[in-house]
Amino acid sequence: MAAPDTTNLGFLLAKSSQRWNERLGEGFTGAGYGDVRPSYGSVLLPLWEEDGLRMGRLAERARLSKQTMTTLVRLCERDGLVERSPDPEDARAAIVSLTPRARAFADVAGAVVAGLEQELSTTARRDLRRALKEVMDL
């Protein structure tokens with residue numbers, strides 16, 4: 001069997017993800033949030049759905065290890081997007097919550113993502129969404 005080339009799905013997924021994140025970063029910068037990294041979406045999106053999650057639950061929802069999530073949360077905390085507080089039910093656990101800055105950024109992120117999605121045809125968006133969900137469920 002031959003070595004994979006640049007048309008294999010893994011390569012295409014990785015490079016399309018990199019390009020998407022570049023465009024997100026450009027949009028965030030243009031809206032005055034140049035310090036917000038696209039990778040912060042793994043923290044912010046689950047919290048925009050349900051604020052005040054335990055670190056472990058946040059990691060599960062983002063499909064990341066607890067160690068990776070801890071690193072991302074620290075970066076988001078540094079940039080004023082989230083804050084951690086002790087869980088009143090378990091002193092060993094931390095609750096991660098959005099700051100007012102993160103809540104304000106939600107509309108910016110939504111507009112940037114919507115703008116990028118609009119650059120794709122309706123058919124491409126639908127088919128891509130379906131295909132990516134299938135890959136995630138492998």
Side-chain angles (χ1 to χ4, degrees):
M1 177 167 276
D5 63 18
T6 58
T7 64
N8 82 78
L9 289 178
F11 185 84
L12 293 172
L13 283 169
K15 295 305 161 186
S16 61
S17 179
Q18 286 176 344
R19 181 64 182 139
W20 185 264
N21 285 337
E22 287 171 3
R23 295 288 308 276
L24 284 175
E26 291 166 3
F28 298 164
T29 297
Y33 286 86
D35 61 323
V36 177
R37 300 175 184 182
S39 62
Y40 292 178
S42 292
V43 175
L44 297 174
L45 272 75
L47 290 174
W48 285 329
E49 290 177 352
E50 183 182 351
D51 197 9
L53 294 173
R54 278 186 177 186
M55 188 76 74
R57 184 69 180 128
L58 185 56
E60 287 173 18
R61 288 211 180 161
R63 296 183 179 203
L64 295 174
S65 70
K66 288 181 186 178
Q67 294 82 5
T68 299
M69 182 55 70
T70 298
T71 299
L72 282 172
V73 165
R74 282 184 183 140
L75 292 169
C76 287
E77 208 170 21
R78 178 198 69 196
D79 292 340
L81 297 166
V82 300
E83 54 193 12
R84 282 186 283 180
S85 58
D87 185 334
E89 297 175 16
D90 182 353
R92 299 168 297 166
I95 300 290
V96 182
S97 302
L98 296 167
T99 64
R101 181 171 190 254
R103 287 187 198 90
F105 177 66
D107 289 337
V108 170
V112 171
V113 168
L116 285 173
E117 288 190 7
Q118 288 303 313
E119 293 184 36
L120 300 171
S121 70
T122 301
T123 303
R125 278 195 310 271
R126 183 192 66 233
D127 293 348
L128 185 57
R129 196 171 275 119
R130 184 180 310 125
L132 292 173
K133 284 181 181 179
E134 188 175 328
V135 171
M136 283 177 55
D137 292 338
L138 283 177

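A quick note: this is a predicted structure, and the numbers were derived from the prediction, not measured.
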* To do: Hey, can you tell me if Phe28 and Phe105 have their rings parallel, tilted or perpendicular (30° and 60° cut-offs)?
  =>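 Geometry flag for Phe105 against Phe28: perpendicular rings.
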If I compare all heavy atoms of [X] with all of [Y], which pair ends up nearest, and what's the gap?
| X | Y | result |
| --- | --- | --- |
| Asp35 | Tyr40 | O-CE1, 3.9 Å |
| Leu47 | Gly52 | CD2-N, 3.9 Å |
| Leu53 | Pro46 | CD1-O, 4.0 Å |
| Ala104 | Tyr33 | CB-OH, 3.9 Å |
| Asp79 | Arg101 | O-NH1, 2.6 Å |
| Ser39 | Leu72 | OG-CD2, 3.9 Å |

* Passes side chain to side chain contact (heavy atoms under 4.5 Å, CB included), Thr29 versus Glu26? Steps please. -> CA-CA 5 Å; Thr29 297; Glu26 291 166 3; 5.8 Å; no
How long is the span from the [atom1] atom in [X] to the [atom2] atom in [Y], to the nearest 0.5 Å?
| X | Y | atom1 | atom2 | value |
| --- | --- | --- | --- | --- |
| Cys76 | Glu83 | SG | CD | 12.5 Å |
| Thr71 | Lys66 | OG1 | NZ | 14.0 Å |
| Glu77 | Arg84 | CD | CZ | 4.5 Å |
| Glu49 | Arg61 | CD | CZ | 6.5 Å |
| Gln18 | Asn21 | CD | CG | 8.5 Å |
| Arg37 | Ser42 | CZ | OG | 12.5 Å |

* To do: Report whether Trp20 and Phe11 are members of the same hydrophobic cluster (ILVMFWY, side-chain heavy atoms less than 4.5 Å apart, transitive linking).
  =>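 No, Trp20 and Phe11 fall in different hydrophobic clusters.
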* Single-linkage hydrophobic cluster, 4.5 Å side-chain cutoff, Leu116 and Leu12 together -> no
* **side chain to side chain contact (heavy atoms under 4.5 Å, CB included) between Glu117 and Arg129, intermediate numbers included** => CA-CA 11 Å; Glu117 288 190 7; Arg129 196 171 275 119; 3.1 Å; yes
* Evaluate the criterion side chain to side chain contact (heavy atoms under 4.5 Å, CB included) for residue pair Leu81 and Leu75; output intermediate values, then yes/no. => CA-CA 9 Å; Leu81 297 166; Leu75 292 169; over 6 Å; no
* Hydrophobic cluster of Val135, others only, ordered by chain and residue number, side-chain cut-off 4.5 Å ->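 So far as hydrophobic clustering goes, Val135 is joined with Leu13, Leu120, Leu128, Leu132, Leu138.
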* Determine, for Asp51 against Arg103, whether the closest basic-nitrogen to carboxylate-oxygen distance falls under 4.0 angstrom. =>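 Yes, Asp51 and Arg103 are salt-bridged.
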Would you mind writing out the side-chain donor-acceptor pairs for residues 87-98 within the sub-3.5 Å range, not counting sequence neighbours?
{"from": "Asp87", "atom 1": "OD1", "to": "Glu89", "atom 2": "N", "distance (Å)": "2.8"}
{"from": "Asp87", "atom 1": "OD2", "to": "Arg54", "atom 2": "NE", "distance (Å)": "2.4"}
{"from": "Asp87", "atom 1": "OD2", "to": "Arg54", "atom 2": "NH2", "distance (Å)": "2.9"}
{"from": "Asp90", "atom 1": "OD1", "to": "Arg92", "atom 2": "N", "distance (Å)": "3.0"}
{"from": "Asp90", "atom 1": "OD1", "to": "Arg92", "atom 2": "NE", "distance (Å)": "3.1"}
{"from": "Asp90", "atom 1": "OD2", "to": "Arg92", "atom 2": "NH2", "distance (Å)": "3.3"}

* **With Arg57 via side-chain hydrogen bond (donor to acceptor under 3.5 Å, both in side chains) - residues at least two apart** =>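 Scan of Arg57 (side-chain hydrogen bond (donor to acceptor under 3.5 Å, both in side chains), adjacent residues dropped) gives Glu60.
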